[in-house]
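Take a look at the structure below.
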Amino acid sequence: MKVNYAKIFEEEIRKISMLKIKPGLLLHACCAPCASYVLEELRKYFHITVYFFNPNIFPEQEHNRRFSELDTFLKKIDPERSISLIYEKYSPMEFAHCSSGLESEPEGGVRCFQCYDLRLSKTAEKARELKIEYFTTTLTISPHKNSTRINESGGELAGVYGVKYLFSDFKKNNGFKRSAELSREFDLYRQDYCGCEFSTKRSAPE
Ligand code: SF4
């Protein structure tokens, strides 16, 4: 039976909104457009630290551009800097290692599952290190990504690292539409491929 992750998210938010203090959340973000709506929504309920760890992005110039756009966006929406941002140094060998032998997999296949796992496991590990109560990712905003697989991975990693995972399906309830609106409003750089060198042939926006 298909799990409704958007409903699970709503139920968790309902519980959190009754708390007196906002819990901490380490939010893995891949780029500014994907983070835009997710931050608009989550900052009402969490004390957020954004985590940029994306060794999958190719080439390095594109990696740096996406980070820079995210940093600029955060400064615009959060001039008082209540949202922290952690930059993880570009480490393409980590992605090369996990995608080895999977180069010709179609987008959405096993290579992508490895890519989700790599980024989520590092986020969970970092959340544990920083003693942040929750972790999650912006990745479920994209209609090109497998939200079920992302959430399954997050749920498993929560058990491994002892950090709560915030299940989500951010594209639902007009989330993807809102991210497109915010991208236009803030004139955000919106890449036309997912990130790795094997995804550069697609020409639909993330
Ligand atoms: S297509 Fe995207 S999710 Fe899949 S492996 Fe490449 S960068 Fe990762």
Side-chain angles (χ1 to χ4, degrees), residues 3 5-6 26-39 50-71 73 85-127 135-158 160 165-172 175-176 179-180 183 188-206:
V3 179
Y5 289 105
L26 188 65
L27 173 67
H28 166 262
C30 54
C31 62
C34 289
S36 61
Y37 164 73
V38 176
L39 281 168
V50 175
Y51 186 50
F52 189 85
F53 170 68
N54 298 291
N56 52 311
I57 299 173
F58 175 87
E60 184 169 7
Q61 189 185 26
E62 172 73 14
H63 174 271
N64 296 345
R65 185 177 185 186
R66 291 190 196 186
F67 173 74
S68 167
E69 192 72 357
L70 177 63
D71 186 36
F73 174 68
L85 174 61
I86 298 175
Y87 171 81
E88 206 68 65
K89 197 166 170 278
Y90 188 49
S91 56
M93 288 314 292
E94 286 190 77
F95 177 70
H97 180 70
C98 87
S99 62
S100 175
L102 302 171
E103 294 82 355
S104 56
E105 278 284 312
E107 190 169 338
V110 181
R111 188 189 65 245
C112 297
F113 297 172
Q114 295 283 94
C115 184
Y116 307 153
D117 292 350
L118 172 66
R119 291 184 282 170
L120 276 170
S121 59
K122 187 92 165 190
T123 308
E125 190 182 8
K126 182 61 85 177
F135 76 103
T136 196
T137 175
T138 59
L139 293 173
T140 65
I141 192 110
S142 170
H144 301 293
K145 296 197 172 58
N146 185 326
S147 293
T148 299
R149 184 61 178 70
I150 292 165
N151 280 300
E152 285 172 354
S153 177
E156 279 173 28
L157 289 163
V160 173
Y165 176 69
L166 182 68
F167 293 94
S168 74
D169 200 347
F170 292 120
K171 72 176 110 21
K172 294 276 172 70
F176 180 67
S179 75
S183 298
L188 298 177
Y189 162 60
R190 200 147 182 240
Q191 63 276 355
D192 61 4
Y193 69 104
C194 184
C196 67
E197 61 182 304
F198 317 114
S199 65
T200 51
K201 290 184 183 68
R202 171 157 62 73
S203 60
E206 276 299 295

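Computed from a predicted model, the values in this text were never measured in an experiment. One-based numbering, in listed order, for ligands and for the atoms of each. Just so you know, these numbers use all the heavy atoms, side chains as well, and skip hydrogens, waters and symmetry mates.
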Check: Phe176 ring centre within less than 6.0 Å of His144 ring centre: no
Atoms in ligand 1 with a heavy atom of Cys194 nearer than 4.0 Å: 1 (S), 2 (Fe), 3 (S), 7 (S)
Subset of ligand 1 atoms that lie under 4.0 Å from at least one heavy atom of Ser199: 1 (S)
Per-atom contacts, ligand 1 versus Cys115 - under 4.0 Å to a heavy atom: 3 (S), 5 (S), 8 (Fe)
Nearest heavy atoms of Glu105 and Arg111, plus distance in Å: O-NH1, 2.9 Å
Sidechain N-carboxylate O distance under 4.0 Å for Glu69, Arg65: no
Closest heavy-atom pair and its distance - Phe167, Gly155: CZ-CA, 3.8 Å
Part of Cys112 with heavy atoms under 4.0 Å of ligand 1, whether side chain, backbone, both or neither: both
Side chains of Leu188 and Phe73 in contact at under 4.5 Å (non-hydrogen atoms): yes
Where ligand 1 meets Glu107 - atom numbers and elements under 4.0 angstrom, heavy-atom basis: 1 (S)
Presence of N, O or S from Cys196 under 2.8 Å of atom 2 (Fe) of ligand 1: no
